[in-house]
K.L.:
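Following this message is one structure expressed as structure tokens.
Only a predicted model underlies this, so the values are computations on that prediction, with no experimental measurement involved. The sequence lines fix the lettering, A, B, ..., with proteins before strands; numbering per chain opens at 1.
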2 protein chains.
Amino acid sequence: MDIDVGAHLKAVRQMYGLSQRELAKRSGVTNGLISLIEQNRVSPSVSSLKKVLDGIPMALSDFFTFDPAGRPQVFFAQDELTDIGSGAVALRLVGSRLAKRSMSILHERYGAHADTGTEMLTHNGEEGGVVVRGRIELTVGGESRVLGPGDAYYFNSTMPHRFRNPAREECEIVSASSPPTF
Amino acid sequence: MDIDVGAHLKAVRQMYGLSQRELAKRSGVTNGLISLIEQNRVSPSVSSLKKVLDGIPMALSDFFTFDPAGRPQVFFAQDELTDIGSGAVALRLVGSRLAKRSMSILHERYGAHADTGTEMLTHNGEEGGVVVRGRIELTVGGESRVLGPGDAYYFNSTMPHRFRNPAREECEIVSASSPPTF
DNA sequence: TAAAAACGTTTAATATAATTGACATTATGG
DNA sequence: CCATAATGTCAATTATATTAAACGTTTTTA
């Protein structure tokens with residue numbers, strides 16, 4: 001899944017209704033360079049690509065994550081949810097598992113005393129969520145805390161973390177992680 | 001908020017325990033180039049930066065969004081939530097409004113017949129959510145649908161969209177959007 | 001303690017990005 | 001219908017990224 005920088009820039013530029021020369025003037029590079037970049041005849045330095053994007057304006061991070069093609073509409077209700085886990089922890093992924101997404105949104109249910117395990121989880125990105133029902137014990141970076149309905153959390157997923165339901169009552173959470181974990 | 005490419009690459013490389021020469025060998029560029037990039041004595045072309053990142057491996061989009069500094073732990077409960085809207089639509093942002101995040105996670109409450117307005121919303125990125133309580137009418141790209149508890153949605157935010165509570169009963173949603181809208 | 005290997009840095013040669021100024025083509029206006 | 005300005009492209013020059021091979025320093029190992 002390699003991004004086509006040239007086509008990408010062209011699409012973004014046109015989406016903003018700018019000509020190569022207009023964008024050149026606004027960004028401080030020459031129109032010729034923009035032409036060459038869009039034809040993939042050169043691979044711009046990140047400094048000049050940044051200049052160009054400043055003229056739009058758009059951040060580098062957005063340029064590399066944004067999909068100008070306008071991916072096909074995803075829009076569904078309960079029937080389109082994907083069940084992932086079936087044990088003590090039940091996960092329902094919002095959205096197709098195949099489609100490219102920038103987040104994973106999950107509807108999680110922790111059965112009585114369910115636990116993600118003593119082996120701490122760690123991965124790139126960030127995650128957060130809101131407790132809808134029941135109680136959950138969240139351990140992040142050595143610190144533990146029990147959250148109830150209406151409570152919420154947000155942390156960097158590179159820090160070792162673990163979820164555990166301390167009660168007999170089922171616990172329900174809506175969470176999101178970026179980049180997607182599913 | 002301009003990213004320091006050199007320092008950033010160095011931080012990422014060291015985080016993966018790679019020396020300049022190791023990374024050079026794995027990525028197919030010279031160690032000298034990596035040294036120059038890390039000192040910001042050159043601004044790499046995106047093609048060579050991509051080569052370098054492939055050796056880690058890390059995607060360009062992650063490189064420009066990822067914060068290697070290991071931002072201070074964010075981890076809080078109800079007391080740390082930020083109230084944004086106060087009218088018919090009440091929004092609670094999960095996490096500090098100041099901190100750099102890759103997502104906005106919101107706990108939303110729509111009062112009786114609350115509406116985001118006839119002026120359709122449109123912005124970059126993607127968003128999705130799960131309906132926790134009540135009912136919400138979601139219109140995306142001309143198509144409307146009423147969602148109830150357990151139902152969920154996910155769509156590209158560039159498509160014009162609108163939320164409306166068709167009932168007298170309050171509606172509660174947990175949503176996420178990336179990049180962050182708050 | 002010396003030899004060897006690894007580390008990041010630097011310099012000169014080379015490859016490539018970026019500018020400049022012109023070109024052909026298509027739209028805009030008098 | 002011609003003139004004028006806009007569009008994107010291209011060739012030659014200039015600026016800069018990238019390579020290859022060396023350097024000095026630190027760490028490893030015998």
K.L.:
Does a side-chain N or O of A:Q20 approach OP1 or OP2 of D:dT7 to a distance below 4.0 Å, or not?
P.N.:
no
K.L.:
How long is the line joining CG of A:L23 and C1' of D:dA6, in whole Å?
P.N.:
16 Å
K.L.:
What is the separation between atom CG on A:L18 and atom P on D:dT7, rounded to the nearest whole Å?
P.N.:
10 Å
K.L.:
In terms of side-chain geometry, is the basic nitrogen of A:R133 or A:E170 positioned less than 4.0 Å from the acidic oxygen of its partner?
P.N.:
yes
K.L.:
Counting primed atoms plus P, OP1 and OP2 as sugar-phosphate and everything else as base, spell out the protein contacts along nucleotides 15-28 of chain D at 4.0 Å heavy-atom distance: B, S or - for each nucleotide, 5' to 3'.
P.N.:
--SBBS-B------
K.L.:
Determine the interplanar angle of the A:F63 and A:H8 rings, folded into 0 to 90°, and report it as parallel if under 30°, tilted if 30 to 60°, perpendicular if over 60°.
P.N.:
perpendicular
K.L.:
Under the rule for side-chain contact (heavy atoms from CB on, under 4.5 Å), what residues qualify as partners of B:V46, not counting sequence neighbours?
P.N.:
A:V5, A:S43, A:P44, A:L49
K.L.:
Please name the pair of heavy atoms, one in A:S27 and one in A:V52, separated by the smallest distance, quoted to 0.1 Å.
P.N.:
CB-CA, 3.6 Å
K.L.:
Figure out the CD1/P separation between A:I34 and C:dA17, and round it to whole Å.
P.N.:
16 Å
K.L.:
So, for B:L33 and B:S48, which heavy atoms are closest and what is the spacing to 0.1 Å?
P.N.:
CD2-CB, 4.4 Å
K.L.:
Between CZ of B:R21 and CG of B:N31, what distance do you get to the nearest 0.5 Å?
P.N.:
4.5 Å
K.L.:
Measuring to OP1 and OP2 of D:dG8, would you say a side-chain N or O of A:Q39 lies under 4.0 angstrom away?
P.N.:
no
K.L.:
Quick one: B:K50 NZ to C:dT16 P, roughly how many Å, whole number?
P.N.:
18 Å
